[in-house]
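Computed from a prediction, not measured in an experiment: that's the story for all the values here.
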Amino acid sequence: MPRKILFIVNPHSGTSIKPINEEVIRSHFDHPNWSIESTKYAGHARDIAARAKDHVDAIIAIGGDGTVNEVVSAIVDSSVVLGIIPKGSGNGLSNFLGIPKDLTGALNLIKAGEVLAIDSMSLNEHRFVNMAGIGFDAHIAHIFKDFGSREFFSYSKLVVNEFRKYPGIRVKLRYNGNDTREESVFVLSFANSSQYGNNAHIAPAAVIDDGLTDVCIVRKFPLISSLAIVYKLFNKSLIDSSYYSSFKVQEIHVTSDTEMYAHVDGEPIVVGKEALLTVHSRNLKVLVP
């Protein structure tokens, strides 16, 4: 068990979670040397973690993938161990790692879990640990940020409505030194784990500590094929679709004639007409079952 622990809680994560505060943690967790802070604005978890990382052994992110992303951005390449209490709407990384969704199970994992060194990644200057993307998923992330409801049904309805409108994007990829290819992509994902969240697996073969990213390409498909694609996404068989291809690299350079909207761990960003994806091998320690 880590000796000194900081809990960072995002009170706005997820859909309808019960508040997690000092009393709630104390009732489940008997440990003599821990503290808790709540975030108050976007980026606050990163600021808190950056200030604390030289003074604690572990930082526990209580929230969704965005909260985890902020903490990770501050503690990669350090000795601080990441713990997760998943309270978001997707929880992609924690689902992949098998972290319990219930508070008691997650706190017990902090007390008795193993430390695993996993990869992190960067897209230009933006750090992430689970998933980044350019294309339709990034388009949705930018809209969903200000959408209001975080419920899965609302998200699904948004996806269906935007599907008809989104034309895809033309990109040029350069990797493995001089290998190049041009693609018209509907989705271009860079996967560290296998899933976006909610067990939607875009990269079924992803390995989180292999020093590589799974570059996943989904080409535009007709609406009539959408149910089959969604089914394959959730049963880990997307690799069988003729609209899908993937390959593994340590670094990849992406360019486009149009400005590229992207996301890192679901958080919307803009990368312009040029983006560099780099894998940072096993530079993040995380508590796992």
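- F163 carries K220 over the face of its six-membered ring, with the cationic atom under 6.0 Å from the centre and within 45° of the normal.
- Each of V264, N130, L277, V249 was checked for a side chain to side chain contact (heavy atoms under 4.5 Å, CB included) with F190, and the lone residue meeting it is L277.
- With hydrogens and angles disregarded, no donor-acceptor distance shorter than 3.5 Å links the side chain of D65 to the backbone of D265.
- When only modelled atom types and interatomic distance are considered, D102 and T104 share no side-chain donor-acceptor pair under 3.5 Å.
- With K87 contributing its side chain and G64 its backbone, the two residues share no donor-acceptor pair below 3.5 Å.
- For the side chain to side chain contact (heavy atoms under 4.5 Å, CB included) with K285, the lone residue among L82, V80, V81 that qualifies is V81.
- Between the N91 side chain and the P86 main chain, no donor and acceptor come within less than 3.5 Å of each other.
- A donor-acceptor contact closer than 3.5 angstrom links the side chains of K101 and N95.
- I62 places none of its side-chain heavy atoms less than 4.5 Å from the side chain of N10.
- Using a distance-only test at 3.5 Å, with no hydrogens or angles considered, no donor-acceptor pair links the side chain of T213 to the main chain of V215.
- Remark: K248 engages D210 in a salt bridge, criterion side-chain N to carboxylate O under 4.0 Å.
- For the residue pair E274 / H253, a side-chain donor-acceptor distance below 3.5 Å is found, with atom types taken as modelled.
- Clustering ILVMFWY residues whenever any of their side-chain heavy atoms sit less than 4.5 angstrom apart, transitively, puts V171 in the very cluster that holds I202.
- Remark: K172 does not engage E183 in a salt bridge, criterion side-chain N to carboxylate O under 4.0 Å.
- Judged by distance alone, with hydrogens and angles left aside, the side-chain atoms of T39 form no donor-acceptor pair with the main-chain N or O of Y41 at under 3.5 Å.
- Put simply, the side chain of E259 never gets that close to the backbone of G272: no donor and acceptor are under 3.5 Å apart.
- Here D57 does not pair with K4 in a salt bridge; the nearest charged N to carboxylate O distance is not below 4.0 Å.
- Side-chain contact annotation: H280 with D119, donor-acceptor N/O pair under 3.5 Å absent.
- In this structure a side-chain-to-backbone donor-acceptor pair under 3.5 Å is missing from Q195 to H201.
- Here the side chain of S120 pairs no donor or acceptor atom with the backbone of F128 at under 3.5 angstrom.
- Residue Y243 is grouped with residue V230 when hydrophobic side chains (ILVMFWY) are merged at heavy-atom distances under 4.5 angstrom, including chains of intermediate members.
- Here the side chains of T255 and K273 are not in contact, with every heavy-atom distance at 4.5 Å or above.
- Look at R127 and D77 and you find a salt bridge, because one of the NZ, NE, NH1 or NH2 atoms lies within 4.0 Å of a carboxylate O, short of that distance.
- In this structure, the side chain of T278 does not engage the main chain of S122 through any donor-acceptor pair within 3.5 Å.
- With sequence neighbours left out, the side-chain hydrogen bond (donor to acceptor under 3.5 Å, both in side chains) criterion links E162 to H139, K165.
- Between the R282 side chain and the D209 main chain, a donor and an acceptor come within less than 3.5 Å of each other.
- Under the 30°/60° scheme for interplanar angles, the aromatic rings of F186 and F136 are found to lie parallel.
- Between the side chains of Y196 and S189, a donor-acceptor pair is found at a separation under 3.5 Å.
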